A.B. asks: 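Structure incoming, see below.
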Amino acid sequence: MEPSVPMGKHHGGSHREYMAEKKRKLQIQYERTASVAQTEGNEIFRGVSVHVNGYTEPSWEEIKHIMAVHGGRFENYYSRERVTHIVCTHLPESKIIQILNERKPAPMVVKPEWITESLKQGKKLPEVEFGLPRLQLQPGQTTLDGFRRPTPNDEKRPKMDSGKAVAAKTSGVDESLNEALRVAEEARSSCAVLGGRPRSASHDPNFMDTYFKASRLHFIGTWKERIENLMIKVSQEQVVPPIRQDGHFTRAIMHVDMDCFFASVAMLKNPHARGKPLVVCHSNSNQGRAEVSSANYEARKFGVRANMFIGEAKRLCPQLIVMPYQFDLYQDVSEAVYLIMFEMFPGRVQPVSCDEAYIDATNLDDPISWASKVRSEIFSRTGCTASAGISCNMLLSKIATGRAKPNGQLFVSFEEGVAFLKSMKVAELPGVGWSTRQKLTAMNIDICADLVEVPKSVLQQEFGQKTGELLFNHCRGIDGRKVETQPVRKSIGAEVNWGVRFNHEAEAIKFMEDLCGEIQKRLRHAKLKGRCVTLKLKRKQQGANEPYKFLGHGKCDNLSKSLTLASCIDDAKELMNSCLSLWQSMRFPANELRGVGISVTRLDNGQGMCASPYKNGSITRYLVEQAEAGALVEGKQPLPGNRDIGGRSSAKENIQLAGKPNQPLKPEQSPGSKDVCRKMCSLGSPETLPPLSQVDKEVLHALPEELKVELERAYQLRMNLQQPRGKPTRKSFPKARKSPRAKPRSPSQTAGLEIPTRAEDCVTFTQVDPAVFAELPKHIQREVKATYTHSRRVIRTRLFERNRDDAVEGVDQGTQRGSPSGSLLAQPWDSFKTELESRCEAIFEHLSEGHVDKYTVHLGIFQQVMFDVCGQLVVGNLETLRLLLRWLLRKTVHDDAWKVAVDQIVRHAQHLVGSSYAGGTLRL
DNA sequence: ATCCTCCCCTAC
DNA sequence: TAAGGTAGGGGAGGAT
Ligand SMILES: Nc1ccn([C@H]2C[C@H](O)[C@@H](COP(=O)(O)OP(=O)(O)OP(=O)(O)O)O2)c(=O)n1
Ligand SMILES: [Mg+2]
Ligand SMILES: [Mg+2]
Ligand SMILES: [Mg+2]
């Protein structure tokens, strides 16, 4: 039963008492749930799988429990594959309308009384008597595409008080709601005090600090470094018994995750909000574009989700309670939770996030009761509930947790896990996100059962070796990942992609300095240094408007460039030197900046325990060694830490910086470039290489040839950087960003047909003055050539663009993936045809056996593969392409889906031909 | 083969 | 108004 608030009493009675009572009840409920041995009741709901929508009486928690006891299942989220019954009291949520409009057989929609009455009578009653009177659907509602968003004043929407049947309590419920809203309001205004006025980066000298303090993503992103402290402390006091691994025996993996973590913590501070929809978010505005961080399970019944704009959330659920962030509390709760886990499972815990961990429970006597123990301990120490899943690997245990939520636990055997997996949407697989889902959808793959149909080779063709294999395994419930209790850090970085609006380059530079300061802090905290510095920039796309999201980055091009140093650094100034070099080579008008990030890789803890040890020798190692020995510089001074002797990329870059190969393109003076030069000089970036004159001649002479070359490059770099006054750079500062909409181009040898995809790609090798080129030393020639090819490397494009505010409109560039095995190009048409025939035969077999679903899936895959094949053939084998298309068109198949697929393939091919050969078409 | 850079994608 | 960070996995394509 929904623990009832002691009406009218709770003002006098202490919160403490109330909380104690609350906890006691939740505890009981938890124990019941946890101990359901599914033998307790008759199983009248066997085969039933319910999803609750909006408010109901009994509450969803009770329904969940009833299902657990009586053989049914409870689904937190609606899934056509799994849900047999939707339970709701009121009429049409947009969700329901959508469901009813689906072509496939929809689940039954019943009132909650169906459950209570069935329970009373001890048998499953016919659903019809408890159906919803359908045609209270809106007038004008069509069934075809009638997805009508409910208007905010839609009377039919479930209201806060509507779920409670007892009329006498109505006013009490209202009071409770008002109290909850009041507390939320108070909490929001009290934390707004420290804020002040809204400011973009250029307006607020203290922007970065303010920003990071208020950023939830910063909090969850930097959480790991905070938990590391705790781990160190704990591990010092702990003897870690080794995990017995009896050969190949089955592992037991437990996954523990706090239920709606931030929202749960918020409910601790606002107990009246329990049982009511609540989110954590910065803004309470009805049109706000602030993101929901966490939604409690009541709010989720209304479709409210993390990451949703608050305006959208409030539209779905107008009575939503909005609580502000309480980062300190999240930290406290998180630490409490981890202390419990570290103590109960020494040496077996892999922290995943502030609210989530894996535990290797292999050979613990009873993982299920361990899960109960850890959950009840978490609850009694924090007042927040956790859920747990147990299975034989990390994948299945995580999925089990999801099924157990909220406040539940579940053990699944491999077989059960796999059976369940098959009904899951592919997007529910960990590792499959938005983009992969789009790709799979395009292949007609919707649920994991579809994915299982796809041969590994096809997945690898489409997604790459590892990713393909991963998908192949995961959809079968196979996951070989080990619980990693001491992950090694490989990079440290900081970035800001919100509120970045500059008018002057100097502001941008200052911003980078702040970032470097932040990184120095974190490097030192982690006692690490690194020797590769990466600068990542977001640049407003040309013509992009101010984004929908306030001070957001909007539509951007992402740029990144890295510089590898001779030795490891952790000093902000030194980091900044590298950043300035990098900025110098990527530079564009500061008012187009929308995001700046800096990160450091190739970390070294100074103990010889390199996260990424330099593997190959070459100059880098040599110089480091020399530096350590103090041999390279006169007077035996150790080399300053940050000479950038140029990684390969920067060396190339610097060749370009010299400007010679690019002469046809006029370099451009950017506003403030002189400032940068001065700054760079004053910071000493180029100077930190010892002057050539100071380098011990003997040592230099003794260098192996290739090392000498690299050293020369380093000095070349310095010279280039010191003379950018008249002519700063070229490539990095394209005057006009031409045709940002250009289509991706096949990496082809057909030189005459190239379509430049970016302004900087206009620099073709043929534009390099041959006389100048001939003058260059051999190794420089090499570099120039490399640079040339490098710069016109195929631009990898995102396959699909998200359709939020920042999506690029109309991006349809379908196919830059798939990979040229090369064999196709060489293969004669005849043998290719044989392969095609057998492939098609296999596909049609599904059809003739009546497996329409399988047929559809395989046809989708076939289409996708053909897209890729066309991509390959259009490059160098147009004749084969023509034959292929003719063959497809002539093949007589009496199935519409096939005809559609062929039509798509042909269109796609013609499109490719058109873009590769200036609007040409293949005659078929 | 393996490394490296410059991306993209995913999860929290 | 709003606080779109952080780290790892991995792919493509070029260099070695
Ligand atoms: N896009 C996201 C995802 C998560 N979080 C924060 C808020 C969450 O409370 C916390 C933990 O993330 P989970 O994915 O575990 O989500 P919840 O704990 O909120 O819900 P669940 O019960 O599904 O675990 O991280 C966030 O701010 N933004
Ligand atoms: Mg959670
Ligand atoms: Mg989590
Ligand atoms: Mg997923």
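Every chain is numbered from 1 and lettered A, B, ... according to where its sequence line falls, protein lines coming before strand lines. Just so we're clear, the structure is a prediction, and the values are computed from it rather than from any experiment.
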A.B. asks: Considering only side-chain heavy atoms of A/Asp355, which listed nucleotide, C/dA2, B/dC12, B/dC6, is closest?
C.D. replies: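 When the side chain of A/Asp355 is considered, B/dC12 is the closest of C/dA2, B/dC12, B/dC6.
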A.B. asks: Does A/Asn558 put a side-chain nitrogen or oxygen below 4.0 Å from OP1 or OP2 of B/dC8?
C.D. replies: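 Indeed, a polar side-chain atom of A/Asn558 lies that close.
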A.B. asks: Using salt bridge (charged side-chain N to carboxylate O under 4.0 Å, His left out) as the criterion, list what pairs up with A/Glu185, not counting sequence neighbours.
C.D. replies: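 With sequence neighbours excluded, A/Glu185 shows a salt bridge (charged side-chain N to carboxylate O under 4.0 Å, His left out) to A/Arg188, given in chain and number order.
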A.B. asks: With the side chain of A/Thr467 defined as its heavy atoms from C-beta on, choose the nearest nucleotide among C/dG4, C/dG10, B/dT5.
C.D. replies: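 Output: C/dG10.
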A.B. asks: What pair of heavy atoms forms the shortest contact from A/Phe502 to A/Ser202, and how long is it?
C.D. replies: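 Nearest heavy atoms, A/Phe502 then A/Ser202: CD2-CB, 4.1 Å.
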A.B. asks: Quick one: which of C/dG4, B/dT5, C/dG8 gets closest to the side chain of A/Asn497?
C.D. replies: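 My answer, after comparing the listed nucleotides, is C/dG4.
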A.B. asks: Could you work out which one of C/dG8, C/dG5, B/dT5 sits closest to the side chain of A/Ser562?
C.D. replies: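 Selected nucleotide: B/dT5.
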A.B. asks: Mind checking A/Arg522 for me? I need base, sugar-phosphate or nothing, with any heavy atom below 4.0 Å counting as a touch.
C.D. replies: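 Counting heavy atoms under 4.0 Å across all strands, the contact made by A/Arg522 is with sugar-phosphate only.
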A.B. asks: For A/His218, give me all partners under ring-ring contact (aromatic ring centres under 6.0 Å, His included), at least two apart in sequence or on another chain.
C.D. replies: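 A/His218 satisfies ring-ring contact (aromatic ring centres under 6.0 Å, His included) with A/Phe212 once adjacent residues are dropped.
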A.B. asks: Run the ring-ring contact (aromatic ring centres under 6.0 Å, His included) test against A/Phe472 and tell me which residues pass, sequence neighbours left out.
C.D. replies: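 Partners of A/Phe472 by the ring-ring contact (aromatic ring centres under 6.0 Å, His included) criterion come out as none, since no residue qualifies.
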A.B. asks: Just compare B/dT10, B/dC6, C/dG4 and give me whichever is closest to any side-chain atom of A/Trp498.
C.D. replies: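 Nearest nucleotide to the side chain: C/dG4.
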A.B. asks: Is the distance between the ring centroids of A/Phe309 and A/Tyr548 under 6.0 Å?
C.D. replies: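 Between A/Phe309 and A/Tyr548, which both carry aromatic rings, the centre distance is below 6.0 Å.
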A.B. asks: Need one value for A/Pro487: base, sugar-phosphate or nothing, where a base atom within 4.0 Å counts as base even if backbone is also close, heavy atoms only.
C.D. replies: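 Result for A/Pro487 = nothing.
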A.B. asks: Counting any heavy atom closer than 4.0 Å, what does A/Thr534 reach on the DNA or RNA strands: base, sugar-phosphate only, or nothing?
C.D. replies: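 If one applies the 4.0 Å heavy-atom cut-off, A/Thr534 turns out to touch nothing in the nucleic acid.
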A.B. asks: Counting any heavy atom closer than 4.0 Å, what does A/Gly493 reach on the DNA or RNA strands: base, sugar-phosphate only, or nothing?
C.D. replies: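 Sugar-phosphate, backbone atoms only, no base.
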A.B. asks: Between the opening five pairs and the closing five pairs of the helix from B/dA1-C/dT16 to B/dC12-C/dG5, how far apart are the helix axes, to 10°?
C.D. replies: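 Computed from the C1' atoms at both ends, the axes differ by 20°.
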A.B. asks: Which of the following nucleotides, C/dG11, C/dG8, C/dG5, is nearest to the side chain of A/Lys466?
C.D. replies: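 Between C/dG11, C/dG8, C/dG5, the one nearest the side chain of A/Lys466 would be C/dG11.
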A.B. asks: Base, sugar-phosphate, or nothing: which does A/Lys536 touch, judged by heavy atoms less than 4.0 Å apart?
C.D. replies: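 Nothing, no nucleic acid heavy atom in range.
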A.B. asks: Under the salt bridge (charged side-chain N to carboxylate O under 4.0 Å, His left out) test, which residues partner A/Arg289, sequence neighbours left out?
C.D. replies: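 Expected list: none.
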A.B. asks: For the side chain of A/Ser435, counting heavy atoms from C-beta on, which of C/dG10, B/dC9, C/dA3 is nearest?
C.D. replies: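 In terms of side-chain proximity for A/Ser435, the closest of C/dG10, B/dC9, C/dA3 is B/dC9.
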A.B. asks: With the criterion set at under 5.5 Å between ring centres and under 30 degrees between planes, would C/dA3 be stacked on A/His218?
C.D. replies: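 One would not call A/His218 stacked on the C/dA3 base.
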A.B. asks: Give the nucleotide from the list C/dA7, C/dG5, B/dT10 with an atom nearest to the side chain of A/Arg489.
C.D. replies: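 Selected nucleotide: C/dA7.
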A.B. asks: Could you please name the option among C/dG4, C/dG8, B/dC4 that lies closest to any side-chain atom of A/Ser491?
C.D. replies: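 Among the listed nucleotides, the one closest to the side chain of A/Ser491 is C/dG8.
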A.B. asks: Does A/Glu484 have any salt bridge (charged side-chain N to carboxylate O under 4.0 Å, His left out) partners at least two apart in sequence or in another chain, and if so, which?
C.D. replies: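 A/Glu484 satisfies salt bridge (charged side-chain N to carboxylate O under 4.0 Å, His left out) with no residue once adjacent residues are dropped.
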A.B. asks: Just checking A/Phe212: base, sugar-phosphate only, or nothing, at a heavy-atom cut-off of under 4.0 Å?
C.D. replies: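 If one applies the 4.0 Å heavy-atom cut-off, A/Phe212 turns out to touch the sugar-phosphate alone, with no base involved.
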